[in-house]
Every structure is written in structure tokens, then in C-alpha cells.
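Structure record follows, encoded as C-alpha cells.
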Amino acid sequence: MNPNGNIETGNIRLLGREVAFTFPKGELLRTLIGRILSGQEYPILTLPEFRPAVIVDIGANVGATALFFHSHYPEAEIHCFEPSSLCHGCLARNTATFPTIHDHHLGLYDRDCETVLYEGHGQPAQNSVVSGPGTEEHGETIRLAAAGPALDALGLDEISILKLDTEGC
């Protein structure tokens with residue numbers, strides 16, 4: 001999370017067009033987004049005739065991974081789960097014009113509950129439900145849902161790609 005609420009907006013190139021992309025200011029997050037969008041963080045599977053129908057992004061942050069997957073698999077349905085209010089706000093803005101990308105403002109867990117999401121030092125990619133050396137002493141109360149029932153409620157027949165990147169869950 002970004003205690004000052006400082007948001008940065010730039011453009012990224014996606015499917016042959018410029019797309020506005022919003023994220024909390026910070027060099028570490030900017031670098032991570034660049035690594036994601038260039039394929040360094042989550043390389044694309046090069047399997048013959050692999051056509052994912054459903055991608056689930058747990059710990060979607062601001063949506064860079066969803067947009068990266070969308071650029072490679074534009075027909076796939078992508079479900080993004082992000083509990084942080086600041087990151088989810090950016091995620092929702094960044095994916096709003098893509099009808100196959102769906103954002104869900106909650107985290108997935110082993111049960112339904114509310115807990116504190118501690119702010120990562122200097123950047124929201126290190127937010128965690130576990131307080132520790134990489135987090136601030138304060139955070140926001142977030143909603144977590146039992147993963148099985150939450151995914152079942154979406155009526156998915158399959159998950160072709162599951163991206164899971166959650167600190168502390």
C-alpha cells in the first residue's frame with residue numbers, strides 16, 4: 001500500500017495499442033511491472049496447441065500479470081483476486097476495458113475471515129497478512145474468502161493457468 005496515495009500513470013503497449021496503466025509510485029514496483037510485462041517474471045508456456053480457457057491470478061496486485069497473460073492468450077477468461085484496496089483500485093482501472101478480465105476485491109485463503117494486510121516497506125508487492133521485517137506495523141483490514149467455494153461460485157469447469165503470488169497466505 002502507499003500511505004501517501006501517490007499514484008503513477010503511464011502507457012504500456014498491449015495487443016498493438018497504447019493502454020493507460022496505473023500503479024502506486026515506487027521504483028521497485030515499476031521494475032517489477034517491467035519484468036512482468038516483458039515475460040521475465042512469469043514466462044509463457046510454449047506447449048504445442050496450448051490454448052488456455054481460464055486463467056486465475058491470485059495476488060493480482062495492479063494487474064500487470066493479467067494484462068501480460070491477456071496479450072498472449074486474448075481469448076482466455078482471466079479472474080484476478082486482490083485484497084488490497086489501493087492495488088485493487090489500480091487493478092480495476094487497468095483491466096476495465098478488457099471484457100475477459102474480471103477483478104475480485106478479495107483474497108483467497110483456507111476460510112472466510114477478515115484480517116490485517118500489513119503494508120510492504122516502500123511497495124505494495126510485499127504486502128502481507130504476516131507482520132515481519134518486510135512490512136510496516138500498520139495496514140488495512142481485508143476480506144479473505146475460502147478458495148474452494150469462491151472459485152466454485154465462478155462456475156469454472158477448469159483452470160488452465162493458476163498464478164499464485166501471495167505473501168503470507
Side-chain angles (χ1 to χ4, degrees), residues 1 7 9 12-15 17 19-24 29 32-47 49-117 120 123-130 139-169:
M1 291 177 230
I7 299 294
T9 300
I12 60 171
R13 189 143 189 83
L14 190 67
L15 297 173
R17 65 181 175 134
V19 176
F21 191 81
T22 303
F23 58 97
L29 187 56
L32 178 60
I33 290 167
R35 288 182 50 80
I36 290 169
L37 294 172
S38 68
Q40 296 173 27
E41 207 59 31
Y42 305 108
I44 290 298
L45 298 172
T46 55
L47 302 172
E49 300 184 37
F50 179 61
R51 306 279 184 272
V54 177
I55 299 170
V56 174
D57 184 354
I58 302 172
N61 199 273
V62 297
T65 304
L67 293 177
F68 173 71
F69 283 142
H70 178 73
S71 71
H72 290 277
Y73 309 116
E75 294 179 14
E77 199 80 14
I78 302 174
H79 289 274
C80 303
F81 292 87
E82 176 54 51
S84 160
S85 293
L86 178 63
C87 291
H88 179 265
C90 292
L91 167 68
R93 281 190 294 281
N94 292 335
T95 61
T97 61
F98 301 94
T100 60
I101 301 177
H102 313 281
D103 66 274
H104 306 278
H105 188 191
L106 73 147
L108 298 183
Y109 200 51
D110 65 350
R111 64 189 175 279
D112 292 336
C113 65
E114 287 188 350
T115 191
V116 174
L117 181 67
Q123 59 123 352
Q126 293 177 325
N127 291 351
S128 179
V129 297
V130 177
E140 73 172 299
T141 300
I142 59 165
R143 186 169 63 103
L144 300 174
L151 292 171
D152 287 345
L154 297 175
L156 307 177
D157 292 329
E158 68 176 67
I159 297 175
S160 307
I161 296 174
L162 175 64
K163 177 262 186 180
L164 177 62
D165 189 351
T166 61
E167 287 67 32
C169 264

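Residue indices begin at 1 and follow the sequence shown. Basis for what follows: all heavy atoms, side chains included, without hydrogens, waters or symmetry-related copies.
- Rounding to the nearest 0.5 Å places CG of Asp165 at 8.0 Å from CG of Leu32.
- The SG atom of Cys113 lies 11.0 Å from the CZ atom of Arg143; values are rounded to the nearest 0.5 Å.
- The heavy-atom pair separating Pro99 from His102 by the smallest distance is O-CE1, 3.4 Å.
- Pro74 and Thr100 get closest at one heavy-atom pair: O-OG1, 3.8 Å.
- Within the 4.5 Å cutoff, side-chain heavy atoms of Ile142 are placed close to those of Thr115.
- Side-chain contact check for Phe69 versus Asp57: every heavy-atom pair is 4.5 Å or farther apart.
- Residues Ile78 and Ala66 approach most closely at CD1-O, 3.5 Å, considering heavy atoms.
- Interatomic distance, Thr22 OG1 to Ile7 CD1, rounded to the nearest 0.5 Å: 7.5 Å.
- Rounded to the nearest 0.5 Å, atoms CG (Leu106) and CG (Leu144) are 8.0 Å apart.
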Checklist entry - Which is it for Phe50 and Ile161 under the side chain to side chain contact (heavy atoms under 4.5 Å, CB included) test, yes or no, and what are the steps along the way? => result CA-CA 11 Å; Phe50 179 61; Ile161 296 174; 3.9 Å; yes
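- Of all non-hydrogen atoms in Ala150 and Ala145, the two that sit nearest each other are CB-CB, 4.2 Å.
- For His104, the ring-ring contact (aromatic ring centres under 6.0 Å, His included) test picks out His79, Phe81, with sequence neighbours left out.
- No more than 12 heavy-atom neighbours from other residues, nucleotides or ligands sit within 6.0 angstrom of CD on Glu75.
- A heavy-atom distance below 4.5 Å is found between the side chains of Leu67 and Ile101.
- Checked by atom type and distance alone, the side chain of Glu82 never pairs as donor or acceptor with a backbone atom of Leu91 at under 3.5 Å.
- Counting only distance, with no hydrogens or angles, the side chain of Ser160 and the backbone of Ala53 share a donor-acceptor pair below 3.5 Å.
- One distance of note links CD1 of Ile55 with CD1 of Ile159; it measures 11.0 Å at 0.5 Å rounding.
- A donor-acceptor contact shorter than 3.5 Å links the side chain of Asn94 to the backbone of Val62.
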Checklist entry - Going through the checks in order, is the side chain to side chain contact (heavy atoms under 4.5 Å, CB included) test met by Leu45 and Tyr73? => result CA-CA 11 Å; Leu45 298 172; Tyr73 309 116; 4.3 Å; yes
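- Glu140 CD to Leu86 CG: the interatomic distance, rounded to the nearest 0.5 Å, is 8.0 Å.
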Item to check | side chain to side chain contact (heavy atoms under 4.5 Å, CB included) evaluation trace for Leu14 with Phe98 | outcome: CA-CA 11 Å; Leu14 190 67; Phe98 301 94; 3.5 Å; yes
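- Between Ala64 and Ile33 the shortest heavy-atom distance is CB-CG2, 4.2 Å.
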Item to check | Asn61 vs Leu29, side chain to side chain contact (heavy atoms under 4.5 Å, CB included): CA-CA, chis, key distance, verdict | outcome: CA-CA 10 Å; Asn61 199 273; Leu29 187 56; 3.9 Å; yes
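- In this structure, the side chain of Lys163 does not engage the main chain of Cys80 through any donor-acceptor pair within 3.5 Å.
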